[in-house]
Amino acid sequence: MYAQMVETGAARLRAAGELSEQEHAFQARIDAGVKIEPKDWMTEGYRKTLIRQISQHAHSEIVGQLPEGNWVTRAPTLKRKTILLAKIQDEAGHGLYLYSAAETLGISRDQMTTDLLSGKAKYSSIFNYPTLTWADVGMIGWLVDGAAIINQIPLCRCSYGPYARAMIRVCKEEAFHARQGYDLLMSLCKGTVEQKEMAQDALNRWWWPALMMFGPPDQESVNSAQSAQWKIKLFSNDELRQRMVDQCVPQAEYLGLTIPDPDLKWNAERGHYDFGAIDWSEFYAVLKGNGPCNRERLAVRNKAWDDGAWFREGMQANADKHLKRRPPKAA
Ligand code: FAQ
């Protein structure tokens, strides 16, 4: 499937007419596995695609703090609370590395923030679902961070240097996040009947939205062919989704939980699990702003931005004062 995507991307380039010498050289560097760095020449399309993807990714990390943040004050033990706080702070850090990586492409942090707060920019669909019980915190670690790792490990090898390097650290931290989620679920699944039921209920609600995180099916993915050509995407949406299903089935069995998919079965011929049809109408509704929590998430981010105005203004005033005091550079 990936080879097909690259071929489609190449065909598109041929159809668009001859590439200029500079564009040829750019594509040849990518084909040779050379990393593209901020000061290197790049096509406008490459720059825009990266700004789109990296800024959406950054916004996802920032908005992604909210569902779990809902449980900080209600974590059942001091240990769980400390783990949860550390995890949420890591997500904020990931957002910051990613905003910095996007800034190297010529967009300002202010512009990205404005786009998020106005609802113009996308962030991952998964963060528009509510966290109704403590088991949801475990489910986010296992499934959402699990999906993020599957998607992001290949990004460590993508063609744009700053993005690839940011992903290495992000993936290390995501591995801890996934472990803590699975550990939380193990405790619930070994606990009382009610605790195990709570874990099963959370799995029933998070399973399908987690599979949607990988994006639309390949035939509907508008950006894949070009992103594959530029080595921003190394695997297709469906390939990574399949990886997620294959990874999660034995993990669910170990927990004693049932994946809510009657069509899930091992296909020996393919060497993969077959799984049921995804309700893509739900995914597109969430993208349009009509998921269960879209409005609430944006309202919370806007309020945090407004509440922080006094702090930003204070920092700016202080920075301006120091700039004025700095002696002029010697000629
Ligand atoms: N949600 O043509 P494609 C995390 C949009 S981080 C919303 O296939 P592409 C950590 C897509 O933007 C999670 N929109 O697009 C954490 C495009 O619209 P556009 C975030 C989606 O870019 C854990 C349109 O659909 N990870 O979880 C989604 O080639 C726990 C057509 O789609 C990343 O961002 C979606 N799920 O492939 C934090 C990873 N899927 O922009 C806190 C980097 C697709 O043309 C707690 N991103 N769309 O208007 C990627 O790998 C890619 O951007 C994909 C989409 C694979 C997400």
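These numbers come from the heavy atoms of this one structure, side chains and all, not from hydrogens, waters or symmetry mates. Counting starts at 1 for both ligands and their atoms, following the listed order. We number each residue from 1, following the sequence as shown.
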Looking only at protein heavy atoms, what sits closest to atom 23 (C) of ligand 1 is D145 OD1, 3.3 Å
(Q) Is atom 10 (C) of ligand 1 touching the protein, meaning some protein heavy atom lies under 4.0 Å away? (A) yes
Nearest non-hydrogen protein atom to atom 3 (P) of ligand 1, with distance, is S221 OG, 3.4 Å
Taken to the nearest 0.5 Å, the spacing of C248 SG from L257 CG works out to 11.5 Å
query = Does ligand 1 have an atom that lies less than 4.0 angstrom from a heavy atom of E68?
reply = yes
* Asked: Does the side chain of R109 reach to within under 4.5 Å of the side chain of L96, using non-hydrogen atoms?
  -> yes
* contact_flag Y163 ligand 1 heavy-atom lt 4.0 Å -> yes
Going by the 4.0 angstrom heavy-atom rule, the piece of H59 near ligand 1 is neither
Contact region, N237 to ligand 1, non-hydrogen atoms below 4.0 Å, reads side chain
Counting from 1 in the order shown, the ligand 1 atoms closer than 4.0 Å to a non-hydrogen atom of P216 are 8 (O), 31 (C), 32 (O), 44 (C)
Near M213 (heavy-atom distance under 4.0 Å), the atoms of ligand 1 are 27 (O), 36 (N)
If we number the atoms of ligand 1 from 1 as shown, the ones under 4.0 Å from a heavy atom of Q152 are 6 (S)
- request: Would you check if K321 and K324 make a side-chain contact, meaning some heavy-atom pair closer than 4.5 Å?
  value: no
Using a 3.5 Å cut-off and no angle test, enumerate the donor-acceptor pairs between side-chain atoms of residues 137-150 and protein atoms at least two apart in sequence or in another chain.
from: W142; atom 1: NE1; to: Q251; atom 2: OE1; distance (Å): 2.8
from: D145; atom 1: OD1; to: H177; atom 2: ND1; distance (Å): 3.4
from: D145; atom 1: OD2; to: K87; atom 2: NZ; distance (Å): 2.9

Do Y284 and E220 have side-chain atoms, one donor and one acceptor, less than 3.5 Å apart?
yes
Among non-hydrogen protein atoms, atom 18 (O) of ligand 1 lies closest to K122 NZ, 3.4 Å
Quiz item: Between D115 and Q111, does any side-chain donor sit less than 3.5 Å from a side-chain acceptor?
Solution: yes
- Using a 4.5 Å cut-off on heavy atoms from C-beta on, say whether the side chain of M213 contacts that of M244. no
Any salt bridge between E239 and K233, counting N to O under 4.0 Å?
-> no
Quick look: F127 vs ligand 1, heavy-atom contacts under 4.0 Å, and the answer is side chain
In E21, E23, Q22, the residue satisfying side-chain contact (heavy atoms from CB on, under 4.5 Å) with L19 is E23
- Salt-bridge test for R80 and D183: reply yes if a basic N is under 4.0 Å from a carboxylate O, no otherwise. yes
shortest atom 50 (C) of ligand 1-to-protein heavy-atom contact is with Q53 NE2, 3.5 Å
closest protein heavy atom to atom 48 (N) of ligand 1 is F283 CZ, 4.1 Å
Between P130 and C293, the two heavy atoms sitting closest are N-SG, 3.6 Å
Below 4.0 Å from any atom of ligand 1, is there a heavy atom belonging to H177? no
With heavy atoms and a 4.0 Å threshold, my read on which part of L240 contacts ligand 1 is neither
So the atoms of ligand 1 within less than 4.0 Å of a heavy atom of E174 turn out to be 10 (C)
Does the N or O separation between E91 and ligand 1 drop below 3.5 Å for any pair? no
Under 3.5 Å, is there a donor on one side chain and an acceptor on the other for R297 and N302?
no
Among non-hydrogen protein atoms, atom 35 (C) of ligand 1 lies closest to S125 OG, 3.5 Å
message = Check this for me - ligand 1, Q56, N or O atoms closer than 3.5 angstrom, yes or no?
response = yes
The protein heavy atom nearest to atom 39 (C) of ligand 1 is N151 OD1, 3.0 Å
Logged contact type for L287 with ligand 1, heavy-atom cut-off 4.0 Å, is side chain
Counting heavy atoms under 4.0 Å, the part of K233 that contacts ligand 1 is side chain
One finds that the ligand 1 atoms under 4.0 Å from a non-hydrogen atom of M212 are 36 (N)
### Message
Taking the basic N atoms (NZ, or NE/NH1/NH2) and the acidic carboxylate oxygens, is any pair closer than 4.0 Å for R205 and D201?
### Response
yes
Among non-hydrogen protein atoms, atom 24 (C) of ligand 1 lies closest to N223 ND2, 4.4 Å
- Given the rule in the side chain to side chain contact (heavy atoms under 4.5 Å, CB included) test, do I62 and Q65 qualify, once you have shown the distances and angles that lead to the verdict? CA-CA 6 Å; I62 296 300; Q65 297 174 93; 4.1 Å; yes
In ligand 1, the atoms that come under 4.0 Å of a heavy atom of G64 are 42 (C), 46 (C)
Non-hydrogen side-chain atoms of C171 and C156 separated by less than 4.5 Å
yes
So the atoms of ligand 1 within less than 4.0 Å of a heavy atom of F214 turn out to be 56 (C)
In ligand 1, the atoms that come under 4.0 Å of a heavy atom of E61 are 6 (S), 10 (C), 16 (C), 38 (C)
**Asked** So, is the end of the R243 side chain (NZ or CZ) under 6.0 Å from the ring centre of F235 and within 45° of the ring's axis?
**Response** yes
